[in-house]
Amino acid sequence: MDDRWLSVDEISEYLGVSKDTVYTWISAKGMPAHRVGRLWKFKRDEVDGWVKAGEAADRQGVDPGGKQGR
């Protein structure tokens, strides 16, 4: 089991989003991240649980079918 800490670059690549999105999710959506000095580090299993719980989804302007609102 790979239990090492991931960097912002690695977690953004893993999730298929930009680094800016990761930083936004940390500050605005409570993405599980740990500050080590000036760096952010992530545990893959914590982030997976957060995503599966739907915490990354932007509910504003999106209907349950996944289409954007008008």
Side-chain angles (χ1 to χ4, degrees):
M1 181 172 163
D2 187 14
D3 194 32
R4 70 182 188 85
W5 293 92
L6 302 177
S7 68
V8 171
D9 288 330
E10 291 170 316
I11 205 69
S12 67
E13 184 177 327
Y14 174 69
L15 295 173
V17 299
S18 71
K19 290 191 297 185
D20 288 338
T21 297
V22 171
Y23 289 121
T24 299
W25 284 350
I26 293 168
S27 64
K29 295 187 175 272
M31 181 180 195
H34 305 272
R35 193 88 190 228
V36 179
R38 63 181 191 90
L39 303 174
W40 287 104
K41 296 294 183 173
F42 307 85
K43 286 292 191 176
R44 188 183 318 243
D45 60 340
E46 291 177 1
V47 173
D48 285 343
W50 180 78
V51 170
K52 287 177 184 176
E55 299 297 325
D58 181 9
R59 305 237 184 262
Q60 183 177 1
V62 178
D63 70 19
K67 297 179 183 175
Q68 290 191 356
R70 298 177 195 191

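Side-chain atoms are counted along with the backbone in the values below, which use heavy atoms only and exclude waters and symmetry mates.
Hydrophobic cluster membership differs between Ile11 and Leu39, with clusters built from Ile, Leu, Val, Met, Phe, Trp and Tyr side chains linked at under 4.5 angstrom.
Summarising the geometry of Val51 relative to Ala56, their closest heavy-atom pair is CG2-CB, 4.5 Å, with the distance given to 0.1 Å.
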I'd like to know whether Val22 forms a side-chain contact (heavy atoms from CB on, under 4.5 Å) with Tyr14, so could you lay out the CA-CA distance, the side-chain angles of the two residues, the decisive distance to 0.1 Å, and finally the verdict. CA-CA 11 Å; Val22 171; Tyr14 174 69; over 6 Å; no
Begin from the C-alpha positions of Met31 and Phe42 and carry the test side-chain contact (heavy atoms from CB on, under 4.5 Å) through to its verdict. CA-CA 9 Å; Met31 181 180 195; Phe42 307 85; 4.1 Å; yes
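Side-chain contact between Trp5 and Lys43 is present, with heavy atoms from C-beta onward closer than 4.5 Å. The shortest distance between side-chain heavy atoms of Trp40 and Arg35 falls below 4.5 Å.
Scanning for side chain to side chain donor-acceptor pair (under 3.5 Å) contacts around Tyr23 gives an empty result, with sequence neighbours left out. Remark: Asp9 pairs with Ser7, Lys19 by the side chain to side chain contact (heavy atoms under 4.5 Å, CB included) rule, at least two apart or across chains. Applying the salt bridge (Lys or Arg N to Asp or Glu O under 4.0 Å) test to Glu46 and every residue at least two apart in sequence or in another chain returns nothing.
Separation of atoms NZ (Lys29) and CH2 (Trp50) is listed at 7.0 Å; rounding is to 0.5 Å. Taken from CZ in Arg4 to NZ in Lys41, the straight-line distance is 8.0 Å, to the nearest 0.5 Å.
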